[in-house]
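Convention: sequence-line order gives letters A, B, ...; per-chain numbering from 1.
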2 protein chains.
Amino acid sequence: MQKKKHSIKAIAKELNVSVTTVSFVLNGKAEENRISQKLIDKVQAYVKEIGYYPSQLAKSLRTGKSNIIVFMVEDISNPFFATIAKLIEDQAFKDGYKIIYSSTNNDPEKTMGLIRVFKDLQVDGYILTPPVGMDPKLIKELSNDRNPMILFDRYLPDVECSHVVIDNFQGAKQGLDLFLENGLKEIGFVTLDSNQSQMQDRKEAYDQMCETLGISPKVLKVPFGSYSSLDAAKALKGYFLNNKELDAIFFATNYLAMKGMQVMKELGIKIPEDMAVIAFDDNEFFKFNTPTVTSIVQPKEEIAQKLISTMLELINTDVEERKVKKIVLQASVNERESSKKKVGMSK
Amino acid sequence: MQKKKHSIKAIAKELNVSVTTVSFVLNGKAEENRISQKLIDKVQAYVKEIGYYPSQLAKSLRTGKSNIIVFMVEDISNPFFATIAKLIEDQAFKDGYKIIYSSTNNDPEKTMGLIRVFKDLQVDGYILTPPVGMDPKLIKELSNDRNPMILFDRYLPDVECSHVVIDNFQGAKQGLDLFLENGLKEIGFVTLDSNQSQMQDRKEAYDQMCETLGISPKVLKVPFGSYSSLDAAKALKGYFLNNKELDAIFFATNYLAMKGMQVMKELGIKIPEDMAVIAFDDNEFFKFNTPTVTSIVQPKEEIAQKLISTMLELINTDVEERKVKKIVLQASVNERESSKKKVGMSK
DNA sequence: CCATAAAGCTAAACCCATTTAGTAAAAATG
DNA sequence: CATTTTTACTAAATGGGTTTAGCTTTATGG
């Protein structure tokens with residue numbers, strides 16, 4: 001149980017061979033460098049015996065590769081991101097990559113700081129949910145850098161950067177169509193006051209629906225960042241009270257839906273009798289809740305799989321030959337109780 | 001916008017000074033090494049101009065410090081862990097530390113593999129939820145290592161290792177006492193079939209209560225690892241049907257409670273009229289649900305704060321002088337609708 | 001004016017690996 | 001037997017820092 005630090009040098013000395021030889025053996029380059037089988041065995045045996053394995057740090061310093069991919073999202077405690085994180089981690093692990101997570105808090109400053117830190121750690125690639133207010137130029141610059149960057153969940157319309165996102169427009173449209181099929185006409189839309197692409201796209205579906213039907217939109221934009229605070233509840237309460245004619249609401253995020261349903265409960269609005277509800281992005285709670293909540297489901301496994309496969313592909317392609325990969329996946333509707341219009345019920 | 005790599009060497013050359021001098025200036029050791037103010041200014045100005053900042057990698061290699069703390073939990077997508085992770089991250093960031101997260105999947109092999117990887121990355125400390133079946137000897141060994149390790153959420157009874165946990169016994173007891181105060185007598189206990197310390201301690205409170213009251217325990221141990229699968233639902237269903245006399249159930253985890261309540265819903269068991277419910281560990285869902293669910297709340301902020309402050313304290317203490325820190329925090333009851341026995345209701 | 005001290009700076013070793021460009025010896029070739 | 005090829009292995013540069021020990025030069029003291 002000797003605590004002495006192992007190193008290639010020490011091994012080389014112990015075995016009376018050169019550092020180079022040991023390194024070759026360790027990296028499977030012994031054969032191509034004509035190291036004799038006898039010596040290979042000797043080195044391998046000793047390395048195994050002392051339980052040595054090389055310092056990634058030194059390795060990274062030398063090679064410029066770290067086998068680390070960073071996953072930077074708005075908030076790692078958000079179940080959606082956490083789930084994707086887990087899936088990515090498992091996938092990457094198989095390919096010998098480690099994942100470092102980090103939360104951007106949607107703060108461009110913090111994000112840039114973190115990217116700098118990671119740049120410096122020589123991470124091999126970045127997966128990022130770009131925060132609001134992030135300078136597109138920086139993203140552009142970063143994405144042309146030696147280490148690939150993939151945007152995720154949302155993209156920046158003006159920047160040519162690889163991304164994996166879902167078709168938010170189609171996703172929202174499917175939900176809205178379901179309302180219409182169920183005979184619901186007075187549909188409201190609750191979203192965040194944010195200009196992130198995914199939010200815009202979801203709202204676009206609603207706006208388009210309104211235009212097609214020739215009705216005027218009833219949109220609530222909850223102040224961004226406040227959605228766990230009282231402001232959100234107040235905004236929602238006001239919205240419900242001022243729009244009593246509504247019989248269905250599409251919530252652009254699951255958090256908003258939960259907040260909204262809580263407020264409805266306080267106001268005595270029954271779901272789905274008084275008000276049908278669909279939320280964008282599924283959630284554990286939705287299937288436990290009474291009533292169960294219809295939601296737009298993002299294909300998490302597919303997203304994770306595409307993220308990691310795209311990342312590896314980019315990493316293994318020379319910078320010059322890299323092409324911008326734009327991957328758009330389809331969401332689906334998970335129909336549950338909350339979106340059903342029950343004919344002949346109250347209201 | 002030159003892409004040329006910056007390095008201390010390059011700077012030294014450019015300014016016609018030695019590498020040493022630049023290093024001293026960068027590390028604030030210029031004064032104590034009698035570098036003239038003039039030169040200090042010159043170096044600092046240039047460094048700022050080219051936007052240089054040193055490679056952590058090289059730094060770590062040399063100093064053996066990385067300013068990284070690893071946070072390894074069973075499953076980072078579990079909201080409890082994710083929330084703690086976020087809190088820790090924010091706290092650590094202020095002190096100049098970065099956090100790397102990782103999931104152990106409760107797999108001792110994977111855990112050891114990860115620890116090895118991190119050891120190698122020269123991380124400064126470990127925060128770990130030890131997986132079931134983890135060799136206590138290894139933990140013991142690791143905790144005596146140069147880099148501190150803090151166990152969290154659960155501990156290993158036989159190992160002298162620093163930890164931050166909550167008083168699971170008292171927490172569970174408070175919930176059970178609440179049942180008793182509300183006049184509920186036939187109390188069941190649903191837990192995981194796991195010998196993790198936190199689970200044992202929760203159950204201990206129940207067993208003790210039964211003994212005090214002189215009643216026979218009615219415990220369901222849901223197979224571990226299956227709690228998102230059908231097995232769990234089946235087990236729960238059987239338990240409810242075979243114990244119709246129960247009028248209250250304490251769930252040892254929030255997940256079990258959600259699953260349990262779903263099954264009750266299917267069986268037509270009304271909460272709290274037919275069955276009162278308390279869950280260990282609060283959850284977003286519990287305050288949205290109908291009825292809202294009473295739960296034992298873990299002081300997450302406090303846990304995170306203690307974890308980080310203890311870690312920093314250990315890091316900044318010489319190995320020889322380090323003492324094992326055992327921190328036990330108190331949980332509290334968040335009383336909501338599900339635990340009330342409504343007199344005169346059905347049953 | 002010489003010895004000593006202080007000021008101001010730097011050479012070089014070290015952390016731990018990878019990799020290029022060799023070298024020495026053995027085997028093959030003419 | 002001399003030359004070329006192959007085999008088997010290694011020295012040394014490199015990546016980007018930190019830090020110890022030491023070297024000039026100038027100031028101080030007797």
Quick one: on DNA chain C, does B/Arg62 or B/Ser36 contact a more 5' nucleotide (nearest heavy atom)? B/Ser36

From NZ of B/Lys65 over to C1' of C/dC14, roughly how many Å is that when rounded to an integer? 19 Å

A/Glu89/B/Lys110 ion pair, N-O < 4.0 Å: yes

In this structure, is the centre-to-centre distance between the rings of A/Phe71 and A/Phe152 below 6.0 Å? yes

Is A/Ile69 close to A/Ile100 at the side-chain level, that is, under 4.5 Å between some pair of heavy atoms? no

How is A/Ser23 classified with respect to the nucleic acid when contacts are heavy atoms under 4.0 Å: base, sugar-phosphate, or nothing? base

5' precedence on DNA chain D between B/Tyr53 and B/Phe24 (nearest-nucleotide basis): B/Tyr53

Under a 3.5 Å distance rule, please check whether B/Asp124 uses its side chain to pair with a backbone N or O of B/Asn67 as donor and acceptor. yes

May I ask you to say what B/Ser55 touches in the nucleic acid, namely base, sugar-phosphate or nothing, with a heavy-atom cut-off under 4.0 Å? sugar-phosphate

Closest-nucleotide ordering on DNA chain D, the 5'-leading residue of B/Ala58 and B/Lys29: B/Ala58

Grab the CG-C1' distance between A/Leu61 and C/dC14 for me, whole Å please. 13 Å

Applying a 4.0 Å non-hydrogen cut-off, can you work out what B/Val19 is touching in the nucleic acid: base, sugar-phosphate, or nothing? base

A/Tyr52 side-chain N/O to C/dA17 phosphate OP1/OP2 under 4.0 Å: yes

Distance in angstrom units between B/Ile40 CD1 and C/dG8 P, rounded: 10 Å

Counting only side-chain N and O atoms of B/Asn33, is one of them less than 4.0 Å from OP1 or OP2 of C/dC9? no

Under 4.0 Å between a side-chain nitrogen and a carboxylate oxygen: does that hold for B/Lys306 and B/Glu313? no

Whether the side chain of B/Asn147 engages the backbone of B/Tyr126 through a donor-acceptor N/O pair (distance < 3.5 Å, no angle test) should be reported. no

Does A/Lys59 place a side-chain N or O at less than 4.0 Å from the phosphate oxygens OP1/OP2 of C/dT18? yes

Remember a base hit wins even if backbone is also touched, and classify B/Leu57 as base, sugar-phosphate or nothing at under 4.0 Å, heavy atoms. nothing

If I take atom CD in residue B/Glu31 and atom C1' in nucleotide C/dG8, what distance separates them, rounded to the nearest angstrom? 13 Å

Reading DNA chain D 5' to 3', which nucleotide is the first, and which the last, to come under 4.0 Å of any heavy atom in chain A? D/dT7 to D/dG16

Nearest 0.5 Å, what's the NZ-CG distance between A/Lys48 and A/Asp41? 11.5 Å

Please tell me whether B/Ser18 and B/Thr21 have a donor and an acceptor in their side chains that are separated by less than 3.5 angstrom. yes

B/Glu32 CD to C/dG8 P: how many Å, rounded? 15 Å

Could you state the CG-C1' distance from A/Asn27 to C/dT20, rounded to the nearest angstrom? 15 Å

Report yes or no: is there a donor-acceptor pair, N or O only, under 3.5 Å between the side chain of A/Thr20 and the base of C/dT18? no

Would you say B/Arg34 reaches C/dA7's phosphate, i.e. side-chain N/O to OP1/OP2 under 4.0 Å? yes

Rounded off to whole Å, could you give me the CD1-to-C1' distance for the A/Ile11 and C/dT18 pair? 15 Å

Under 4.0 Å between any heavy atoms, over every strand shown, what does B/Thr21 touch: base, sugar-phosphate, or nothing? Just pick one. base

